[in-house]
Protein chains: 2
Amino acid sequence: MQRPDEKKRQLIAATAAKLFATRPFHKVKLDDVAAEAGVGKGTLYVYFKSKEDLYFWLIYDAFSQVIEQLESQLGRGELSASQTLRRIIAELVKFGFDNPQLFELMRSAGPRIKDERWETKRKELVTLIEKTIRRGNKSGEFDDPHPEITALCLPGFMRSVMLFGSRGLDERTVVVQITRLVERGVCGGEGSDKNDKRNVAVATGRNGR
Amino acid sequence: MQRPDEKKRQLIAATAAKLFATRPFHKVKLDDVAAEAGVGKGTLYVYFKSKEDLYFWLIYDAFSQVIEQLESQLGRGELSASQTLRRIIAELVKFGFDNPQLFELMRSAGPRIKDERWETKRKELVTLIEKTIRRGNKSGEFDDPHPEITALCLPGFMRSVMLFGSRGLDERTVVVQITRLVERGVCGGEGSDKNDKRNVAVATGRNGR
DNA sequence: TCTACAATACTGGCGGGTCGGTTTTGAGGA
DNA sequence: TCCTCAAAACCGACCCGCCAGTATTGTAGA
């Protein structure tokens, strides 16, 4: 009896990922995916139940991988919040560099392709970051008044750099810079809040549009 | 068909924006846009040459608006780099809050909807930020080794917050927090580079995947 | 009456999904 | 080791609904 071939599934997935990263969802033809992967169109439906299912699997898989990777890295020993945050950043950047098309891929389809499993995974990641910052706040390493916003921003960094950064950027540089941005934002100290508020008020206080 | 009614054009655009923000490009039917806008389908083609053209115009217009708004705000008087940066952030966040669907809208279609005009506008914005940081570096206000990366990240912040931030977030809070993140990242001072590099190395130096 | 536009009918092709025929695989018997 | 057979993968031509884009008609206002 012929068995489903995991290699083939991966081949199809990889091919689809490449195409979805190149053009928007609605311009990717399953005929093309099949042709490019060197399989029959019908075979696609052996491994995936629909075009959307295929696309979703791609993203979901990537997310699961990062999170799994992160958790295995962090769960190992007991790290300080600061060290943990650095690990997270390094790991995320590494993952991005290892999967350079991932962020293009995520742009292929738009909002609300149903399913919340995707959203769940995303939140998992953000929460992981947020908790780390909160831990740092408690331990005195950090003093971030809005861990939830900062946590939200970190993946945004990644995205920006991976999507729009010049090709010349190397991984180390990116890690250092993002670490710098986040860590300083997160730490307490200079740049008093009073000062912040005054200046921000100046910048904000204008006529509404 | 003769006199192009700008009001109607705006009406169509606004309606389309609403729909594109709700579901992916390929699930938005022009019949729906026409119906919802209360115009005939044919009329759409008076104002836009195709579905893609319509979508494209939406994004392009928004970008042009932000940039124009920014430049008018900044060109006025002579501001320090620091003040300028704060203005930029405040302005961007304001724009985001004024156009809450913008970021969802930008997700509707994916990469490479041809045309580079879009990309040009985006770069214009990033360059504006980058130049401000460089100016601050020169004047001694800032000391950012990678203005190009930081500049890239700022819009990424925006996106993250607008797309995924909880509804409860208010504009002021977001401005303050983003300002905090960026400004601290950008300033020189504590958190010596030596220290950074050592710790980052610790976080990075692991087995490759 | 004439203009402009909403409404709506129409068409063409495009692409997601299917289905029946074909090939591959591996288990079990000798 | 080899043969047999059935289950399931594989294929790709085809089907069919959908929708962008166009042409036609009806109507309200001037």
Practice task
Would you verify whether the NZ or CZ of A/Lys123 falls within 45 degrees of the ring axis of B/Phe164 while also being under 6.0 Å from that six-membered ring's centre?
Solution key: no
Problem - All stems with DNA chain D, defined as three or more consecutive Watson-Crick or G-U pairs under 3.5 Å - result: C:1-30 with D:1-30
Handout entry: Side-chain heavy-atom pair B/Asp144, A/Gln177 within 4.5 angstrom cut-off
Key = yes
Exercise for the section: Check the distance between C/dC5's C1' and B/Lys7's NZ and give it to me in whole angstrom. Expected result: 18 Å
Exercise for the section: May I ask you to test the A/Val33-A/Val28 pair for a side-chain heavy-atom distance under 4.5 Å? Expected result: yes
Completion exercise
Going 5' to 3' through nucleotides 4-22 of chain D and flagging B where a protein heavy-atom sits under 4.0 Å of the base, S where only the sugar-phosphate is that close, and - otherwise, we get ---BSBSBB------SBBB
Exercise for the section: Please confirm whether A/Arg117 makes a cation-pi placement over A/Phe56, using NZ or CZ under 6.0 Å from the six-membered ring centre and within 45° of the ring normal. Expected result: no
Exercise for the section: Inspect the contact between A/Asp32 and A/Arg23 and indicate whether a charged nitrogen and a carboxylate oxygen are less than 4.0 angstrom apart. Expected result: yes
Fill in the blank from the handout: Partner of B/Tyr55 under ring-ring contact (aromatic ring centres under 6.0 Å, His included), picked from B/Phe25, B/Tyr60, B/Trp118, B/Phe48, is B/Phe25
Problem - Side-chain heavy-atom pair A/Leu85, A/Phe142 within 4.5 angstrom cut-off - result: yes
Problem - Short N-O contact, B/Arg86 and B/Glu183, less than 4.0 angstrom - result: yes
Exercise for the section: Sugar-phosphate means primed atoms, P, OP1 and OP2; the rest is base. With that split, encode nucleotides 25-30 of chain D 5' to 3' as B, S or - using protein heavy atoms under 4.0 Å. Expected result: ------
Exercise for the section: Would you mind reading off the distance between B/Leu44 atom CG and D/dA23 atom C1', rounded to a whole angstrom? Expected result: 15 Å
Handout entry: A/Met162 side chain near A/Phe95 side chain, heavy-atom distance below 4.5 Å
Key = no
Practice task
Give a yes or no on this: more than 12 heavy atoms of other residues, nucleotides or ligands lie within 6.0 Å of atom NZ of A/Lys121.
Solution key: yes
